[in-house]
J.: 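Once you've had a glance at the structure underneath, I'll fire off some questions.
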Amino acid sequence: MENKKYSIGLDIGTSSIGFAVVDENNRVMRVKGKNAIGVRLFSEGQPAANRRSFRTTRRRLSRRRWRLRLLREIFEPYINPVDEAFFMRLKESNLSPKDANKHYSGDILFNDQSDQKFYEMLLCQ
């Protein structure tokens with residue numbers, strides 16, 4: 001088979017691509033027994049706003065967890081001697097008292113210590 005000169009024409013739209021292959025005399029060429037002219041239809045592109053909002057939320061929550069973990073690492077040596085259950089209460093503060101997954105059953109803000117006893121422990125450190 002000899003090499004023939006040809007041209008390819010494309011029409012690219014928002015939901016289709018049209019194509020045609022013509023020879024030097026502008027006649028449609030045949031490729032593998034078929035006319036080399038046609039169109040491919042596909043669904044139009046959708047905006048990425050929904051996916052972007054999910055991605056943004058994942059990043060925001062991930063960064064928040066990282067910041068809270070960093071704060072815990074910094075303050076844990078100072079808070080644990082005073083109140084061992086502080087971080088457990090902090091972690092479970094958003095759970096309902098009726099939630100079966102809740103491990104700490106005490107009061108979230110105060111753990112049955114009087115203010116005076118708490119401040120005495122704090123000053124002794």
Side-chain angles (χ1 to χ4, degrees):
M1 177 174 174
E2 64 185 73
N3 291 332
K4 294 183 180 180
K5 292 187 178 184
Y6 62 92
S7 297
I8 299 174
L10 297 173
D11 177 27
I12 301 173
T14 58
S15 61
S16 65
I17 297 178
F19 62 92
V21 180
V22 294
D23 62 10
E24 292 175 322
N25 298 323
N26 291 331
R27 283 182 273 168
V28 176
M29 293 184 66
R30 293 182 63 81
V31 177
K32 296 185 181 180
K34 296 181 181 179
N35 287 336
I37 188 169
V39 65
R40 296 287 188 253
L41 300 173
F42 48 89
S43 59
E44 192 170 336
Q46 301 297 321
N50 285 342
R51 296 302 316 149
R52 189 177 317 116
S53 68
F54 290 128
R55 211 171 28 247
T56 302
T57 301
R58 276 195 312 268
R59 287 180 186 151
R60 182 179 54 81
L61 292 175
S62 174
R63 290 174 183 152
R64 179 181 178 196
R65 280 191 304 269
W66 177 78
R67 286 191 303 267
L68 289 173
R69 190 171 47 246
L70 184 62
L71 280 172
R72 180 177 179 161
E73 289 174 7
I74 292 169
F75 288 110
E76 194 166 27
Y78 304 104
I79 293 177
N80 268 349
V82 176
D83 186 3
E84 294 177 359
F86 175 79
F87 288 111
M88 185 185 301
R89 288 196 323 270
L90 180 65
K91 183 178 178 182
E92 295 183 356
S93 64
N94 63 338
L95 298 178
S96 168
K98 298 175 185 175
D99 193 343
N101 294 328
K102 191 166 188 159
H103 300 292
Y104 185 76
S105 60
D107 187 14
I108 293 298
L109 296 176
F110 304 103
N111 57 353
D112 298 335
Q113 292 183 12
S114 68
D115 288 342
Q116 183 177 0
K117 184 179 176 185
F118 178 78
Y119 285 112
E120 285 174 2
M121 276 183 27
L122 191 63
L123 291 175
C124 290
Q125 298 290 325

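FYI, the numbering just counts along the sequence from 1. The model shown is predicted, which means the values in this text are computed figures rather than measured ones.
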J.: Filter on salt bridge (Lys or Arg N to Asp or Glu O under 4.0 Å), then keep only pairs touching residues 40-54, sequence neighbours left out; what's left?
T.: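 Of all non-adjacent pairs touching residues 40-54, none passes salt bridge (Lys or Arg N to Asp or Glu O under 4.0 Å).
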
J.: Identify, with sequence neighbours excluded, every residue that meets side-chain contact (heavy atoms from CB on, under 4.5 Å) alongside N25.
T.: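 By the side-chain contact (heavy atoms from CB on, under 4.5 Å) rule, N25 matches D23, R27.
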
J.: What is the minimum heavy-atom distance between T14 and F42, and which atoms define it?
T.: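 Closest approach of T14 to F42, heavy atoms only: O-CE1, 3.7 Å.
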
J.: Are F86 and L70 connected in a single hydrophobic cluster, I mean Ile/Leu/Val/Met/Phe/Trp/Tyr linked by side-chain heavy atoms less than 4.5 Å apart?
T.: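 Shared cluster, yes.
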
J.: Who passes side-chain contact (heavy atoms from CB on, under 4.5 Å) against E24, sequence neighbours left out?
T.: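 Partners of E24 under the side-chain contact (heavy atoms from CB on, under 4.5 Å) test: K5.
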
J.: Side chains of residues 73-82: which donor-acceptor pairs under 3.5 Å do they make with residues two or more places apart or in other chains?
T.:
unit_1	atom_1	unit_2	atom_2	d
E76	OE2	R72	NH2	3.4

J.: Mind listing the closest non-hydrogen atom pair of V28 and N35 along with its distance?
T.: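 Between these two residues, the closest heavy atoms are CG1-CB, 4.1 Å.
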
J.: With sequence neighbours excluded, what pairs up with R55 under the side chain to side chain donor-acceptor pair (under 3.5 Å) test?
T.: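 Not a single residue meets the side chain to side chain donor-acceptor pair (under 3.5 Å) criterion with R55.
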
J.: Please list all pairs meeting side-chain hydrogen bond (donor to acceptor under 3.5 Å, both in side chains) that have one or both residues in residues 58-70, counting only residues at least two apart or in different chains.
T.: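 For residues 58-70: none.
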
J.: Could you identify which residues cluster with V39, counting Ile, Leu, Val, Met, Phe, Trp and Tyr as linked when any side-chain heavy atoms lie under 4.5 Å apart, either directly or through a chain of such contacts?
T.: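 For the cluster that includes V39, the remaining residues are L41.
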
J.: Linking I/L/V/M/F/W/Y whenever their side-chain heavy atoms sit closer than 4.5 Å, directly or via other members, would L10 and V21 fall into one cluster?
T.: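 Yes: a chain of side-chain contacts under 4.5 Å links L10 to V21.
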
